Amino acid sequence: MNEITYHEEKNIDKTLLLNLYNNAGWGAYTSNIDELEKAINNSLYVLTAKSNGKLVGLVRTVGDGTTILYIQDILVHTDYKRKGIGTELIKRTLQKYASVRQKVLLTEDTEETRGFYESLGFESCDKGYLVSFVKLENKYDNS
């Protein structure tokens, strides 16, 4: 496996974005690449992971960066999973925004995702002291 490099960047080639998001099965994002590109550019923070110029991971946050930080997207290409890339993307993001008190993310409920986020210090809202609500427009099937 080649060396992984990390970059704070928003100007990402559309083809690289499409490849990564399609690999993750996130068709709602890739159905309109211009909208995805706009979302990336309007994000508070974007950190990428690359291997020989190939986009193999990305974390994207939204929020004010002072009182609240939403981790909107975290993706790692399937060929590069379980190599510490997702962990490094999250750790670097949390370090950059260490002073932000409220860090939030919304994700699917699977054993793998629970284990990953709990290993990084996140707590599930179903533990009884917080509640989370979401209203999704244009619901889609991610398969």
Side-chain angles (χ1 to χ4, degrees), residues 1-126 130-143:
M1 190 68 51
N2 297 313
E3 180 184 353
I4 304 300
T5 57
Y6 296 88
H7 311 270
E8 293 182 14
E9 62 181 328
K10 293 182 182 179
N11 187 18
I12 305 166
D13 181 87
K14 288 181 185 183
T15 303
L16 296 177
L17 283 174
L18 278 172
N19 288 340
L20 182 61
Y21 278 78
N22 279 330
N23 177 264
W26 292 12
Y29 283 89
T30 59
S31 65
N32 185 337
I33 187 60
D34 292 330
E35 190 174 88
L36 174 58
E37 186 177 46
K38 183 177 180 181
I40 296 284
N41 288 329
N42 287 332
S43 296
L44 176 66
Y45 178 70
V46 179
L47 181 65
T48 61
K50 292 183 176 176
S51 175
N52 284 342
K54 178 181 180 178
L55 183 63
V56 299
L58 178 144
V59 63
R60 168 172 95 88
T61 67
V62 296
D64 61 27
T66 302
T67 63
I68 191 160
L69 181 76
Y70 287 89
I71 298 173
Q72 179 62 33
D73 298 344
I74 170 105
L75 302 93
V76 176
H77 193 281
T78 53
D79 294 343
Y80 292 81
K81 284 192 173 191
R82 303 242 176 242
K83 300 187 182 318
I85 295 169
T87 298
E88 188 66 20
L89 288 167
I90 293 289
K91 283 184 175 179
R92 287 180 184 222
T93 301
L94 295 178
Q95 182 179 22
K96 180 172 181 73
Y97 293 99
S99 65
V100 175
R101 182 177 112 359
Q102 189 174 358
K103 299 167 184 88
V104 180
L105 65 93
L106 180 67
T107 189
E108 63 196 10
D109 187 13
T110 67
E111 189 174 320
E112 180 184 22
T113 55
R114 275 186 182 264
F116 175 71
Y117 291 112
E118 287 174 355
S119 76
L120 293 166
F122 287 87
E123 297 180 43
S124 173
C125 288
D126 65 359
L130 292 174
V131 66
S132 179
F133 298 94
V134 64
K135 185 175 190 287
L136 299 174
E137 304 295 337
N138 302 320
K139 295 179 181 123
Y140 59 90
D141 180 10
N142 224 9
S143 57

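Given the structure is predicted, the values throughout are model-derived calculations rather than measurements. Residue indices begin at 1 and follow the sequence shown.
- Considering every non-hydrogen atom in both Leu44 and Lys10, the closest pair reads O-NZ, 3.8 Å.
- In terms of heavy atoms, Leu58 sits closest to Leu20 at CB-CD2, 3.8 Å.
- Partner Ile12 forms a side-chain contact (heavy atoms from CB on, under 4.5 Å) with one of Asn41, Val46, Leu36 and no other, that one being Val46.
- Atom OG1 in Thr5 sits 8.5 Å away from atom CG in Asn52 (nearest 0.5 Å).
- Proximity of Arg60 to Ile40: side-chain heavy atoms (C-beta onward) are separated by under 4.5 Å at one or more points.
- The structure places CG of Asn23 at 8.0 Å from NZ of Lys81, a figure rounded to the nearest 0.5 Å.
- Other residues, nucleotides and ligands contribute over 12 non-hydrogen atoms within 6.0 Å of the CD atom of Glu9.
- Here the OG1 atom belonging to Thr61 is positioned 11.5 Å from the NZ atom belonging to Lys103, to the nearest 0.5 angstrom.
- At most 12 heavy atoms of other shown residues, nucleotides or ligands fall within 6.0 angstrom of atom NZ in Lys91.
- More than 12 heavy atoms of other residues, nucleotides or ligands shown are found within 6.0 angstrom of CG on Asn42.
- Distance CG/Asp64 to CD/Gln102: 9.5 Å, rounded to 0.5 Å.
- Heavy atoms only, all atoms of each residue included: Ile4 and Ala49 are closest at CG2-CB, 3.9 Å.
- Smallest separation of non-hydrogen atoms from Val76 and Ile85: CG2-CG2, 4.1 Å.
- Shown here for Lys50 and Leu55, the closest heavy-atom pair between the two residues is CG-CA, 4.2 Å.
- A heavy-atom distance below 4.5 Å is found between the side chains of Leu69 and Thr93.
- With a 6.0 Å radius and a threshold of 12 heavy atoms from other residues, nucleotides or ligands, Tyr6 has its OH atom above the threshold.
- A distance of 10.0 Å separates CD of Gln72 from CG of Leu105, quoted to the nearest 0.5 Å.
- Across every non-hydrogen atom of Gly57 and Leu89, the tightest pair is C-CD1, 3.9 Å.
- Using cut-offs of 30° and 60° on the angle between ring planes, the pair Tyr29 and Tyr21 is tilted.
- Put simply, CG on Asp73 and CD1 on Ile71 are 10.5 Å apart, with the number rounded to the nearest 0.5 Å.
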